[in-house]
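Lettering follows sequence order; numbering is per chain, from 1. All values below come from the heavy atoms of this structure, side chains included, with hydrogens, waters and symmetry mates left out.
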Amino acid sequence: MAELKAGTRMKSAVCATEVMVIAAPAGSLDITCGGAAMVGSAEEAGGGSVDAAFAEGTLLGKRYVNQAGDLELLCVKPGDGSLALDGETLVLKEAKALPSSD
Amino acid sequence: MNVMMLLEMASQGFGDRVAFTNGDDSLTYQELFDAAGAAAAEIKKSGCDYVAMLDVSSLAMPVALFASAWAGVPYVPINYRLTGHEIKGLLARVEPCMLITESDRAKDFSGHDEVSVCTRDDFLATARNGDPLQEPWSMEQEDTGVLLFTSGTTGAPKAAVLRQKHLVSYILGSVEFMSAGEDDAALGCVPPYHIAGISAVISSVYSGRRMVQLPNFDAADWIALVNEEKITNAFVVPTMLARIVEAVADDPGMEMPSLKALAYGGGKMPLSVIERAMQLFPNADFTNAYGLTETSSTIAVLGPQDHRDAAASKDEAVRRRLVSVGRPLPGVEVEIRDEEGKPLPAGSRGEIYVRGEQVSGEYVGRGSLLDSAGWFPTRDAGSIDEEGFLFLEGRADDVIVRGGENMSPGEIEDLLLEHDAVADVAVVGVADEQWGEAVAAAIVLKDGHTGDIPALQAWVRDRMRSSRVPQLIEFWNELPYNETGKLLRREVKARLGS
């Protein structure tokens, strides 16, 4: 996948997952979902199935981050595959407890 | 990025939940999503460049806000309290537009080529029955989401530009998706042309919290609605809270058991009001939110625990935090700087600068006021204490310069408010031959007190430098505030200076 900027929307090629990029490191990134490279939201998905090694699934509205903390994706549509960067599965980012201000 | 994506998530995650209630009518998240799609198709068909909303809160408001985002056209709320002349002046700056308004007003704008008028009821009916726009919304983060005319307490209204990236960043930085319980309900009574009224709509959608609209604020109606709709969360401006406190204090049997959280902001909250409110609602969580139109709403909050810690403390420095606006939201940075733009240490007064993804600082025709490092000068004056709590001290422009000495009206006002006889006070600088500016005060007395100018001057002289003593004091029945509780300092200055 080409360089990603905040706000870019991507979808899984092998499940229903869609994400929006909140933060991404510079450079070309190998982001996968269900073991297959993610594609732009307007592109045709290639087909195929979720790799059992990346089948934890994604949850709507949750954020996923890498260990380094420089990649953050927001799940805007849930699916069966799990997200990964260079083969490293992204983990759920903990929710912040903030008082409601409006 | 696009706020429509946030609504799409809500409609997928909890589409059957009620999103907005107004009187007997309501919309679920799915209905709101569908209505936004159909209204977006109408907006596209009209060929307009803007969608203007001149109305009180109604179900048409969230529909129009999201539909504009879907259609890729800026949403422009207009203050319905302005005069006809002022409204036409603002509309002329956003032509061609679709204007949504109440039926009584619609005729005022008919026959104008560049304004296609639609009544609130027609707009909503069409949105509920039409077919959705086929094209998806743009995810271009630079698209303008909202154009908001600032209240203009210091001159002609400026049109602040809030892009999709600012609005979405604000929500993602401050609200957790679906964090509200199914029985949670927020009472929305801030005018829909105020940034807090707009951000509250988007926040509610993303958190999944049903919002009950109260189009015209009245303390008794507000209290009745809290109990009828089992309201759990509410946001009010200081003048509203003062009236609610009065109404509750007058009726000792009054209870609002459902109310869990009460947030306030939009103007300076008097210490006496917040202290009284905390006594009257011991089970409610209080949050003070500080933000500006140009920052897409809240940038700092004084949370519930901060309120309790401050109220319970014997340490004056901690107690004082009850009138602070708390600490910046995660992802937002705040600095105090001097007139040359150099950062000041804790405790010093200066101008508040803010930086973060949600900060726009841009006006139509003026471009961005952010500096090269992304900092926005708010023109608000303030200070930050050792623990990072931010205190507001009025507008930077309000500084009184007396004989070359700069002084903040806020500190003199705070001191006068501690006097037994003083209910409310505004301190301004008025022209003075000898000093350039002289300190002048308009004071509203508490019931049963008479005005004693020498005593009030002595009160200040004994506690501050003599230069701070108001040379001129007048007693007024009330101070001029705008409808969201902002003191109209310019009017005070004009009246005291004449």
Completion exercise
So, the part of B:Tyr264 with a heavy atom under 4.5 Å from chain A: the answer is neither
Practice task
Could you look at B:Gln12 and say if it's the side chain, the backbone, both or neither that has a heavy atom under 4.5 Å from chain A?
Solution key: both
Practice task
Let me know if B:Pro136 has heavy atoms under 4.5 Å from chain A in its side chain, its backbone, both or neither.
Solution key: neither
Exercise for the section: Using non-hydrogen atoms and a 4.5 Å limit, figure out which bit of B:Glu8 sits close to chain A: side chain, backbone, both or neither. Expected result: side chain
Practice task
Compare all side-chain heavy atoms of B:Met9 with those of A:Leu74 and state whether any distance is below 4.5 angstrom.
Solution key: yes
Handout entry: Segment of B:Gln305 engaging chain A (4.5 angstrom heavy-atom cut-off)
Key = neither
Fill in the blank from the handout: Value for CZ (B:Phe177) from CG (A:Leu59), rounded to nearest 0.5 Å, stands at 10.5 Å
Exercise for the section: Name the option with the most non-hydrogen atom pairs under 4.5 Å to chain B; the candidates are A:Lys5, A:Arg63, A:Lys62. Expected result: A:Arg63
Handout entry: Atom group of B:Asp285 that falls short of 4.5 Å from chain A, counting heavy atoms
Key = neither
Handout entry: Heavy-atom contact with chain B under 4.5 Å, split by part of A:Ala42
Key = neither
Handout entry: Within-4.5 Å side-chain heavy-atom neighbours: B:Leu172 and A:Met20
Key = yes
Exercise for the section: Determine whether more than 12 heavy atoms belonging to other residues, nucleotides or ligands lie under 6.0 Å from atom CD of B:Glu142. Expected result: yes
Problem - Under 4.5 Å from a heavy atom of chain B, the part of A:Lys77 involved - result: both
Problem - A:Glu56 atom CD: more than 12 heavy-atom contacts under 6.0 Å - result: no
